[in-house]
Amino acid sequence: MSTVRRAVVGLAVVSGLVLTACGPAEDDASSGGEGPTASTTESVKPSKPSKPSASAGKGSPSGGDGSSPDPDYDVFPCSTFDVKFTATLAESTTSSYLLKITNKGTKACKVLGHPVVTFGDLDGQATERGEAPGIEDASRLEAGESAYAGLMGGVDDGTGKTVDSIAMTMNTESDLEQTPLKVSTPGLYVSDKNSVTAWVGNAEDALSL
């Protein structure tokens, strides 16, 4: 009998231990999770450093050192104060002349549009022949370099007049007052057919436009 009692007592002790181990877990579940809970830890990837913007480290549009990226930003339009002017007879039958300017200064200037050509003491001026590039595309005339224009005339039909000189001023797209440059053109016949081309870089183009 003593052996049976000891076995029963041992079973009772084991059962009590099992109930004690399971009890708190069941109580925690029924009490809405007031006990400590395990949380899932998500791995956090280190964020990549942001790339600098395209403009980072760059200066202002005028350049980081204050200079302008446009090499022509300080090149002004050529005026009659900057150039030497000549006119050479190209075709006597039509009184056509090759006009030439040469930069006589030490700095570059921009040649804009058409020359303004007047005839002796007559009113009016030669009409513009063809189109000219805009100011942004104007030719840069370095010191000592030349540009050309063609002064086209017409056959003497008895309706015009003859002059012995012409005067030229430059297009500066400003109100700059210029001194006209005069050259001799003996017997130049003037009519409503006289026209002048835009300034170009070579003589052949000037007379073929």
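Computed from a prediction, not measured in an experiment: that's the story for all the values here. In this chain, residues are counted from 1 in sequence order.
Between the side chain of Thr80 and the backbone N or O of Thr179 there is at least one donor-acceptor pair closer than 3.5 Å. Side-chain N or O atoms of Gln178 include none that pairs as donor or acceptor with a backbone N or O of Thr169 at under 3.5 Å. The closest donor-acceptor contact from the side chain of Asn103 to the backbone of Leu141 lies under 3.5 Å. For Asp164 (side chain) and Gly187 (main-chain N/O), a donor-acceptor pair under 3.5 Å exists by modelled atom type. A distance-only check finds no donor-acceptor pair linking the side chain of Asn202 to the backbone of Ala206 [under 3.5 Å]. Side-chain N or O atoms of His114 include none that pairs as donor or acceptor with a backbone N or O of Trp199 at under 3.5 Å. With Ser191 contributing its side chain and Gly160 its backbone, the two residues share no donor-acceptor pair below 3.5 Å. When atom types are taken as modelled, the side chain of Ser79 and the backbone of Met170 share no donor-acceptor pair closer than 3.5 angstrom.
No side-chain heavy atom of Val196 sits less than 4.5 Å from a side-chain heavy atom of Arg129.
Contact detail for Cys109 and Pro77: the closest heavy-atom pair is CB-C, 4.2 Å. Of all heavy-atom pairs between Leu98 and Ala203, the closest is CD2-CB, 3.7 Å. Residues Thr118 and Gly124 come closest through the heavy atom pair CG2-O, 3.6 Å. The nearest pair of heavy atoms linking Gln125 to Phe119 is C-CE1, 4.1 Å. Leu99 and Ala87 get closest at one heavy-atom pair: CD2-CB, 3.7 Å.
The CZ atom of Arg140 sits 9.0 Å away from atom CD of Glu145, with the distance rounded to the nearest 0.5 Å. The CG atom of Leu188 sits 10.0 Å away from atom OG1 of Thr94, with the distance rounded to the nearest 0.5 Å. Atom CG of Leu176 and atom CG of Asn171 lie 11.0 Å apart (nearest 0.5 Å). Going from atom CG of Asp121 over to atom NZ of Lys161 covers 10.5 Å, rounded to the nearest 0.5 Å. Put simply, CG on Leu112 and OG on Ser174 are 9.0 Å apart, with the number rounded to the nearest 0.5 Å.
In the hydrophobic clustering of ILVMFWY residues, with side-chain heavy atoms under 4.5 Å counting as a link, Leu89 and Ile101 come out together. Val200 and Val116 are assigned to two separate hydrophobic clusters, defined by single-linkage of ILVMFWY side chains at heavy-atom distances under 4.5 Å. The hydrophobic cluster containing Leu181 does not contain Phe76, counting ILVMFWY residues as joined when their side-chain heavy atoms lie under 4.5 angstrom apart, directly or transitively.
Atom NZ of Lys104 has more than 12 neighbouring heavy atoms from other residues, nucleotides or ligands inside a 6.0 Å radius. Within 6.0 Å of atom CD in Glu91, more than 12 heavy atoms from other residues, nucleotides or ligands are found, so the atom counts as buried in its surroundings.
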Please report the C-alpha distance between Asp205 and Tyr148 in whole Å, then the side-chain angles of each, then the deciding distance to 0.1 Å, and finally whether the side chain to side chain contact (heavy atoms under 4.5 Å, CB included) criterion is met.
CA-CA 8 Å; Asp205 288 345; Tyr148 305 85; over 6 Å; no

Side chain to side chain contact (heavy atoms under 4.5 Å, CB included) evaluation trace for Ile166 with Met168:
CA-CA 7 Å; Ile166 61 172; Met168 187 277 300; 5.9 Å; no

Output, in order, the C-alpha distance, side-chain angles, deciding distance and verdict of side chain to side chain contact (heavy atoms under 4.5 Å, CB included) for Val190 and Thr162.
CA-CA 6 Å; Val190 181; Thr162 301; over 6 Å; no

Under the side chain to side chain contact (heavy atoms under 4.5 Å, CB included) rule, what do Val83 and Thr102 come out as? Steps first, then yes or no, please.
CA-CA 5 Å; Val83 300; Thr102 303; over 6 Å; no

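Not counting sequence neighbours, Glu131 has no partner by the side chain to side chain contact (heavy atoms under 4.5 Å, CB included) test.
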Acceptor/donor pairs from residues 150-158 side chains to any protein atom, 3.5 angstrom cut, sequence neighbours excluded:
unit_1 : atom_1 : unit_2 : atom_2 : d
Asp156 : OD1    : Gly158 : N      : 2.9
Asp156 : OD1    : Tyr189 : OH     : 3.4
Asp157 : OD1    : Thr159 : N      : 3.1
Asp157 : OD1    : Thr159 : OG1    : 2.6
Asp157 : OD1    : Tyr189 : OH     : 2.7
Asp157 : OD2    : Thr159 : OG1    : 3.3

